[in-house]
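Every chain is numbered from 1, with letters handed out A, B, ... down the list of sequences.
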2 protein chains.
Amino acid sequence: MASQTEENYLKSLFNLANEAGEVNISELAQQMQVSMPTVNSMVKTLQKNGWLIYEKYKPVTLTSEGKKEAALVIRKHRLTEMFLVKKMGFGWEEVHEIAEQIEHIHSPKFFERMDEMMGHPTVDPHGSPIPDKMGRVQEVSYFTLSKCKTGQIVNLAALTNSSTEFLEFLNSRDLRLGIELQVISIEPYDQSMVVSFEGHPSETLSEKVCDRLLVRLVG
Amino acid sequence: MASQTEENYLKSLFNLANEAGEVNISELAQQMQVSMPTVNSMVKTLQKNGWLIYEKYKPVTLTSEGKKEAALVIRKHRLTEMFLVKKMGFGWEEVHEIAEQIEHIHSPKFFERMDEMMGHPTVDPHGSPIPDKMGRVQEVSYFTLSKCKTGQIVNLAALTNSSTEFLEFLNSRDLRLGIELQVISIEPYDQSMVVSFEGHPSETLSEKVCDRLLVRLVG
DNA sequence: CAATTTTGTTAGAAGATTCTAACAAATTAC
DNA sequence: GTAATTTGTTAGAATCTTCTAACAAAATTG
Ligand SMILES: [Mn+2]
Ligand SMILES: [Mn+2]
Ligand SMILES: [Mn+2]
Ligand SMILES: [Mn+2]
């Protein structure tokens with residue numbers, strides 16, 4: 001069984017994996033906030049456990065067992081976040097820290113029960129998909145608001161970043177998942193957008209913000 | 001801040017402390033399921049942290065800081081057990097293992113919210129008192145059913161033992177906290193009792209069981 | 001009270017996770 | 001294509017929690 005530390009590494013590996021599934025030691029070290037030698041020894045441990053493939057001086061790759069293990073931890077994390085919001089009244093900006101800890105609880109029943117109580121949610125409070133019990137992640141095809149053209153109407157579906165600061169910024173503008181956004185105009189100089197949405201006939205969003213909002217076409 | 005391991009030792013120390021507040025190394029080793037040398041080194045660590053007083057070859061005693069720290073972990077444990085039963089539909093025999101893990105979550109808000117959602121319960125699902133936010137434990141004066149006389153009517157208030165096996169035994173007889181029990185007769189040979197309670201006009205309970213049921217006089 | 005048993009201590013080591021310092025390989029820049 | 005930079009590795013050590021073996025103190029027993 002994966003230790004708490006190993007679970008955290010697996011999650012980071014899963015999230016950092018690119019199309020080729022490769023992750024560099026330095027990326028992982030930065031993500032995990034530890035030194036490269038620490039990562040070096042941990043990837044050897046994870047390899048011994050059969051969760052990744054490692055060759056000296058090469059980027060590492062999760063095995064299918066590693067991916068499944070990682071996805072199941074992510075499942076626990078996202079179910080917890082959703083439970084905290086839907087059943088315990090927390091704001092979406094408060095739940096990450098707590099879920100970071102509860103994701104390591106060993107009790108299938110506990111997460112089963114959360115899942116049941118919420119009616120088997122498919123996404124977490126930030127719009128990220130919740131892997132199923134087999135560790136399969138449903139593919140979703142959103143695009144960033146910054147890719148939209150003037151006049152388009154879209155649905156805010158997820159975020160590319162869920163930092164507390166960003167979530168608090170969104171709270172301050174009443175930007176919540178599910179709202180319909182219409183692109184009123186785009187400033188050519190800095191790509192900032194003027195958008196309208198329920199109760200906000202005109203709100204300017206910087207490119208930085210638009211890049212972090214994932215939307216889908218209304219319909 | 002106490003580590004997970006230290007929190008578990010503090011809890012055991014708190015629960016083992018006798019009237020004099022003293023705990024032997026060997027008791028603690030047995031309770032924690034570790035060797036005596038392990039306890040020996042841990043008590044030195046706990047002493048360095050100011051949580052207990054240790055002198056070579058003497059039993060150890062928690063300081064008031066140690067007692068408070070311990071009581072706050074016990075508070076988290078018992079609030080969690082109650083939450084699992086009242087808000088998540090678990091049976092009283094299923095919650096200890098999960099609470100043993102969740103008690104180590106660092107998030108005052110999380111336990112605050114549990115407490116609020118349940119309307120500030122004062123006891124856990126096994127009738128044990130929940131320490132308050134200051135770590136104060138309310139004194140309760142129950143006595144065991146085995147101390148009762150023929151004819152007495154009492155209220156089942158708590159248990160002296162909450163092992164899964166005992167809880168499952170109680171489930172099998174519909175014995176739940178809050179029920180009213182009347183002592184019909186006591187067998188002089190083995191101290192077993194015949195009792196009656198809602199739906200059960202006559203049920204025989206061994207001395208072992210009667211010793212583990214804490215009751216209070218009806219009224 | 002002397003012998004035995006129980007309880008507690010020290011010493012030494014192991015595994016897990018982390019670090020820094022030093023060096024080596026790979027990549028990038030000029 | 002050498003030089004500089006970045007990336008990755010090894011070695012060696014620290015901290016935490018645990019162990020076993022050996023020994024010492026305290027308590028119990030006859
Ligand atoms: Mn975590
Ligand atoms: Mn999330
Ligand atoms: Mn615990
Ligand atoms: Mn309990």
Whole angstrom value for the distance that separates C1' of C:dT7 from OH of B:Tyr54: 12 Å
Touch class at under 4.0 angstrom, heavy-atom based, for A:Lys44 against every strand present: sugar-phosphate
Touch class at under 4.0 angstrom, heavy-atom based, for B:Ser35 against every strand present: base
Scan nucleotides 25-27 of chain D against the protein and return all N/O pairs shorter than 3.5 Å with their distances rounded to 0.1 Å.
none

A:Asn49 side chain to A:Trp51 backbone, donor-acceptor under 3.5 Å: no
Spacing of A:Leu62 atom CG and A:Leu16 atom CG [to the nearest 0.5 Å]: 10.0 Å
Sugar-phosphate only, base, or nothing, as touched by B:Ser41 at under 4.0 Å among non-hydrogen atoms: base
C:dT18 phosphate, OP1 or OP2, under 4.0 Å from A:Tyr9 side-chain N/O: yes
Partner residues of A:Glu168 under the side-chain hydrogen bond (donor to acceptor under 3.5 Å, both in side chains) criterion, sequence neighbours left out: none
Sugar-phosphate, base or nothing in reach of B:Thr38, heavy atoms under 4.0 Å: base
Aromatic ring proximity B:His77/B:His96, centre distance under 6.0 Å: yes
Interatomic distance where CE belongs to A:Met36 and C1' belongs to C:dA26 [whole Å]: 12 Å
Gap between atoms CD and P, on B:Gln30 and C:dT6 respectively (whole Å): 13 Å
Residues that A:Glu22 engages under side-chain hydrogen bond (donor to acceptor under 3.5 Å, both in side chains), provided they are two or more places apart: none
d(NZ, B:Lys48; P, D:dT15) in whole Å: 11 Å
Chi angles and distances behind the side chain to side chain contact (heavy atoms under 4.5 Å, CB included) call for B:Lys149, B:Val183: CA-CA 7 Å; B:Lys149 306 289 172 231; B:Val183 181; over 6 Å; no
